[in-house]
Amino acid sequence: MAEMVRKASAFEIFNHWVLAISCLLLALSGYGFLFKIEGITNLFGGANMMKDIHNYLGIVFSVSLFLSIFNWLKDALSFDSDDIKWIACAGGYLSKHPRVPPMGKLNTGQKFYYLALLVFGIAIAVSGFVIWLMPGQRDYVLLSHLVHNISFVVIMIAVPVHIYLATIANPGTFRIMVYGTVPYKWALKRHPKWIQELQRSK
Amino acid sequence: MARKALLISPELCIGCRACQVACKSWNQLPAEKTTNKGTYENPSDLTPTLYNRIRYVEVPSQENPVRWLFVSQRCMHCDDAGCMKICPAPGALYKTPEGIVSFNQEKCIGCKLCIAGCPFDVPRYNQKEKIAKCNLCEDRVREGMPPACAKTCPTGSITYGDRDALIASSKKAGFEKLYGQMDLGGLGVLYAFKETPRLYGLNENPRIPESIVFWHNVLKPLSYIGLGGVVAASVLHYLLIGPHKEQEEV
Amino acid sequence: MTNHWVDLKNSDVILIMGGNPAANHPVSFKWIMKAKERGAKMIVVDPRFTQSAAKADVYAQIRSGTDIAFLGGMIKYIIDNNLYFREYVVNYTDAPFLVNDDFKMPGELDGLFSGYDEKTRKYDKATWTFQLDEKGLPKRDNTLKDPRCVFQLLKKHYSRYTLDKVSAVTGTPKEKLIEVYKLYGSTGKPNRVGTELYAMGWTQHTVGTQNIRAMAIIQLLLGNIGMPGGGMNALRGESNVQGSTDYGLLFHILPGYNPTPTASLVNLQAYIDKFTPKTKEPRSVNWLSNRPKYITSYLKALYGDKATKSNDFCYSYLPKLDEGMNASWLNLFDSMYKGKFEGFFAWGQNPACSGANANKTRKALARLKWMVNVNLWENETSTFWKGPGMDPKEIQTEVFLLPCAASFEKEGSITNSSRLAQWRYKAVEPLGKAMPDAEIINELYFRVKRLYQKEGGKFPEPIIHLTWNYGEKDKDGKIKHIDIHAVAKEINGYYLEDIYDTKVTPPKLIGKKGELINGFPNLQADGTTSCGNWLYCGSYAHVDGKVVNKLAKRGKDDPTGLGLYPNWAWSWPLNRKIIYNRASVDQKGNPWDPNRPLLKWNPTKENPATGKPGMWEGDVPDGPAPPLADEKAGKLPFIMKPLGVASLFGPGLADGPFPEHYEPLECPLQENPFSKKHRINPTIKLFYSKEGGLPEDIFLSCDVRYPYVCSTYRVTEHWQTGVMTRHTPWLLELQPQVFVEISRELAAEKNIKNGDKVIVSSARGKIWAIANVTDRLKPIKVMNSTIHQVGLPYHYGWKFPVDGSGGDSANILTPTIGDPNTMIPESKAFMVNIEKA
C-alpha cells in the first residue's frame, strides 16, 4: 500500500467545489446574458430567474473566492528563482518528458492561476455587485460592465486551462479535490519543496 | 418592409403638448402629481409613465426678448440601438419590422444596463423595475396607423411615414441633412433643425459609449474565441504531447 | 369670425394681437403654418413673448391696455402713407359720408366726443349723425377731401397718434411700430390680404369693444373684410360659446341676436318698429328689415298654435327688461351681493372663480336663499360656503348640485368660432345620475308646468303654453327623453302651411306644410312659419324631399381650393363661409384678387333659382343680387347695415364713433397721455367712486402699493375655471399650480427666484402663485418710466386639488369694472403687487 499525504483539507475540498460549481453556473448564465441565448435562460426558468440566480450565486462565489484567496495566500504568493525557471521551460508542458525545477505546494502555474483569480475574480465580483446594486448610475455601470466582461474573458480562458491541467493533463491531480490525499511518491516528484517543508515541520 | 420613422420639426411645434397627452391616452399611462418648478415643463423628465415630453428652451435672441424653442424629447429608435446592444435579456428589447425599438416588460429583468447604453438617456423603469419607454405605438403602426403623437399633432410638427420619404420631403423643404439621418445607423426619429442641435439641447454627435462598442466588437467575440481556443489548445496538447504521467522510478 | 379657421391658410399677413392662438387654439396653427408655407408673415403684439410669438416673424411688446394707441398709430400710418385700398374704401365704406357739423372729437374736447353728460356718464348722440341730402341719404364726397367726411375726420382724430406718442404710451419701440405698421399695411393692395386674430386680450378691457372697432377700421381701410385670408377673426374662448351667443344666452338678446324687448315695447308692432332698421338707400339690401319674419317665426316656434295674429303671437309672454336695465354679469352679482336675489341657477358655470372680483362673487352667493349649480363636478361655486374666508354658520344658502353630462356623453351640435355647427354623437353614457342639460331642463319644465297647473300662480301662460314636442310623452304628459333632433328641427323651423310665392304667375310653391324650411329667406312674418333661431334656418331641412341634418355632413371636397369645404357640416348663415363676401369683388363682380377667387359673378350662367342668366360662383354669396355694376338690381356689399356700406364711423357704441385711447381703470399713469381730463373711459359704470360704493369694489390706480401691470390669461392645458381640466390628471400633471410670470429684472428687484412661492395682491384680494421668472417678459419704458408687467392664468380654484396645491382663482385680483357696451370685465389690465411668500 502506498503511503499517502494530505494535500487538501476537507474544508478546502468543499470550498473548491462551491467555488467551481458557482463559477460554472455563473459562467453559463453569463453566456446566456452575453449572447441573449434563450436556450440557457429557459434552463434557468426564464431570464428574470436567471438574473436572480446569477446575482445570488455571485455572493456565494464571492464568499468562496474570498475564503480561497485567504486560504492559499501564503503558498501562492511566495515566488523564488525556481518559479522563473519553471516559466522558462513552460512548466514542462511542451515536452513529452518534462523536466521541471522543484516546486512547492503550488507549482508556478498554479500560483499564476491563483493570481488570475485573485485579480480577475475580485474584479468580476466587485463589478458584478456594482451592476447589480448601482443600476442606472451610468458611469459606474459602464466601467463595471467593461471590467466584468474583460474579467469574464480572462476567467473563461484560465478556468478551462485549470480544468485540463488539473484532470487529464496531470493524472493524479484530480484526487486531491476528491479524497484530499496524494501518494507520497507522487508528491515528492511534483512538489518536492512542499514535502521538504512538511518533513521540516515534523 | 420599408423602415418607418417620425420626423420632428421644432419650427412647427407650438408647445401645445397634445403629443404628451395623446401618448398617455393611447398607452393608458397614469398621471403623476407634479409641482410647478418655474417653467411650463412638466413632468421635468421622461418617466416610466411619460414616454415623450416637450422641453421649453429659452435661448438668447438678437431682436426679440428671447427665443422660445419647443423640443420633443423621446426615444430615438436608433438602428444601432445602444440599449439593445447592451441588454442581456432575450426579447426584452426588440426591433419590429418597421424599425421600432420596442420592449417586453415580462422579459425585462430590470438590470437597467440599457440606461448606460442609451446615448439619449431614454430608458426609465417603473415600480415593478421594468423598462418603459416610447415604442412608437407599435400596435397602431402594425395596423397601418400613425403613432398617437403624430396623429394628434395639430401643426404637423410630428409626422410619421416611410423614413426615406420623410428624408426626401425634408430635403425639398430645404433641410440639407436631418439630425439622426446617419447617426447610430440612422435614427428612427429625425429632427429638422436649421441650426446646431446643441441649441435644442441635443448632442451633436450622439454615440454609444466607447466601452460598449469595445465590449461588443472585441470582448464578446473574445469570450468564446478565448474559451474555444483554449479548449482546442487543450485537445491539441493532449493529442500531441499527452498527459504528464509519472514515470516509474528506475 | 367673419371668416373661418381653415381660411387662415389663405392669408398673406396674420396679425395676432389680443390673443395667443398657439396656446389656446392650437389647431388654428395648423392653418397658420400652412399660410407660412406659402410665404405668409405672422406678427404678434403682446405684453408677453408667448408661444404664438415664438413662431412669429415679427414680435412687438406692448403695455396691456394700450391697444387703441397702437392701432390708432397704425391707422395714421396707413392714411399718411396712402396704404389704404381706395376703391374699396370709397365704394364699400362710409368714408365719403359727411358728418354733422356739430360733431366734435376728443382732440377738441380733451378726451370727449360731443354730447357728453357728466352726471349720467352717457353721450347724447344727436351730433353723431350724417348730413343728409334731399333723398334722405348721407351727403358724400367721393374724393374724400371734404373736411367733414368720415375719412378726413378719421384722419384728423388719429393725427394725434404720432409714432412718438404711441411709443411712449404703449412702450413699444418706434422702430418696432414702423415694422409692424409697414408689414400689415402692405395688405392694402388688392392682391394682398391680412387677417387679425383676437380673443380676450382685446375684449376684456374697459375699451374692449373699441379695441375691436379700431381693428375693424384698419381692415376696412385695407380692404380686408370679405376677402379670403382676411376678416375680423374672433377666437372664441370656449368650444361652444359661439353657440351660446347664437342662442341668446345673454340677457340682452334672444336666439338669433334679436334684441330682448324692453317693457316699454308693449306689443309686437312696437318691437318691430324699434328693431327693424329702415333705409332710404335703394341699393342697400338692409337684411335686418326682415326682422319681423324672424321674431314672429320665433314666437311661433315657442308657442305654436297658441300664438296667433290676434294675440300678437304671444309676444306678451316674452320676458321684458326694464328700461335701461342692464342685467349683465357684473350687475347681476352686484345685485346679488346687495341681497336682491332669492335664488340663482348657476348653470354650467363656476362664478366663484369665473367672474371678476371673485371674493365679491363668493360673498354674493352667500346672500342667496337658494342656488342650483348644474355642473359635472363639485366646484368652488357649488361648495362656496367651504371656501377660504367663509363662515358656514353665517350662511343660509340652500345649494343643490345637479350633476350633468359632458359633451361626449350626449348628442347634439357645437358651434365653433367659424360659425360652423358640427353635429356630435354620444360616445359614452353619463356617470351615475348625471343627465344631459336638455333632460334636466325637461324635468324642470315639466315640474314647473305641473305646479302651475295644480296651484295656479301669477301669469302661468308663458310656461304652460310652450310647445314642447321633443319626443314621446308618458302618461302624465312628460317627455320621456328629449330627442335632440326634434330640438334641432324646431330651431330650423317648419312651414306651418303651404306657402306660395305669389309674385309669380302661376304662384310657385315654396314649401309644403310640415316640411322643414331650407333657409331663412323663406321665413314669413304672418305666422305661417316657425323657426327657433333664424340663423340656423336651413341647417336641418327638407332638401329635394329628404330631411338632411346638414350639421352632420362630413364631405371633404373643396372645389374652390380656398378651404371652404362646403359639405363639411354647416355654417350660419346659409352655409356662407366668409361673410361680407360681396366686398371681395369689384363693382363688376370680379374678385379683387384673381388668385383668391372667393366669389365671382358669372353673367352668362343660368341661375337655377331664377331661370335667368347670371349667378355667383364660389362661396354662398351675401345675397343673390347681381353686382353693383348692374344699375337696376345691383346691391351694396354690407347687407346687414342699413346704408349697405361698412362703418368707419360707428355711432352705435356707447363710448364714441371712433376708438380713443383711455387708460385702464387701474393703470400706472396719473394721466391719460392723450387727454388730460379723462384718464379712463368716461362712459364706464363705476361701482366705486368718491361718492361711495362697496369696499369690495375698490380700485387703486397709480398707487405705490400696487405698482405692476397685471394681466390674466389661459394655458393650453386648462380650460376656463379649470373644473373639468383640474379633474383630468393628464392635464393637471402638465400645469399643476397657479403661476405668475415675471421678468428677470423684477425678480431680481424683489429677490424672487424661479420656482419660489409668491403672493400676488391687488386692492381686492390676494393669492399665492409660483413665480416663473422668464426673459419672455421684459420691463418697458412708458412715458419715461420703467413699467413691469406680470401675468397669471386664472384656471385654478381652492376646491381641487383637495390639498389646495393648485391655488385659487386669479379673479380674486380682478376689478369690478366692465366695457360700457358689453360689460365684459377688465381682466387684462389692473395693478398688483408681488412679494415673496
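Below, all heavy atoms of this structure are taken into account, side chains as well, without hydrogens, waters or symmetry copies. Chain naming here is simple, since letters A, B, ... match the order of the sequence lines and numbering starts at 1 in each. These figures come from a predicted structure and were not determined experimentally.
Within the 4.5 Å cutoff, no side-chain heavy atoms of B:I109 are placed close to those of A:M49. Residues A:I131 and B:L113 are in side-chain contact: their nearest non-hydrogen atoms beyond the backbone lie under 4.5 Å apart. Annotation: side chain of A:K36 is not in contact with side chain of B:P88 (no heavy-atom distance under 4.5 Å). At a threshold of 4.5 Å between non-hydrogen side-chain atoms, the residues B:L227 and A:P160 count as touching. Side-chain contact check for A:I168 versus B:P243: every heavy-atom pair is 4.5 Å or farther apart.
The residue among A:M50, A:M156, A:K51 with the most heavy atom pairs within less than 4.5 Å of chain B is A:K51. Among the candidates B:P123, B:A92, B:G242, B:C118, the residue making the largest number of heavy-atom pairs closer than 4.5 Å to chain A is B:C118.
Taken from CD1 in A:I163 to OG in B:S234, the straight-line distance is 9.5 Å, to the nearest 0.5 Å. Rounding to the nearest 0.5 Å gives a distance of 11.5 Å between CG of A:L165 and NE2 of B:H244. Considering NE2 of A:H145 and SG of B:C111, their distance stands at 8.5 Å, rounded to 0.5 Å. Taken from CG in A:N149 to CD1 in B:I86, the straight-line distance is 8.5 Å, to the nearest 0.5 Å.
Remark: side-chain polar atoms of A:Y164 are paired, donor with acceptor, to backbone N or O of B:Y238 under 3.5 angstrom. With B:H237 contributing its side chain and A:A169 its backbone, the two residues share no donor-acceptor pair below 3.5 Å. Side-chain N or O atoms of A:R138 include none that pairs as donor or acceptor with a backbone N or O of B:D121 at under 3.5 Å.
Nearest approach of A:N48 to B:K130, heavy atoms of both residues: OD1-NZ, 3.1 Å. Nearest approach of B:A116 to A:V141, heavy atoms of both residues: CB-CG1, 3.8 Å.
Heavy-atom contacts from other residues, nucleotides or ligands closer than 6.0 Å to CE of A:M134 number more than 12. Around atom CZ of A:F14, no more than 12 heavy atoms belonging to other residues, nucleotides or ligands sit under 6.0 Å away. Atom CZ of A:R6 is surrounded by more than 12 heavy atoms from other residues, nucleotides or ligands within 6.0 Å. More than 12 non-hydrogen atoms from other residues, nucleotides or ligands lie less than 6.0 angstrom from CD of B:Q105. For OH of A:Y56, the number of neighbouring non-hydrogen atoms (other residues, nucleotides, ligands) closer than 6.0 Å is 12 at most.
For a heavy-atom cut-off of 4.5 Å, chain A lies close to B:P209, B:S211, B:I212, B:F214, B:W215, B:L219, B:K220, B:L222, B:S223, B:Y224 in residues 209-225 of chain B.
With a 4.5 angstrom heavy-atom cutoff, A:S95 touches chain B only via backbone atoms. Contact annotation for A:Y140: neither backbone nor side-chain heavy atoms come within less than 4.5 Å of a heavy atom of chain B. Of the atoms belonging to B:C114, not a single heavy atom falls under 4.5 Å from chain A.
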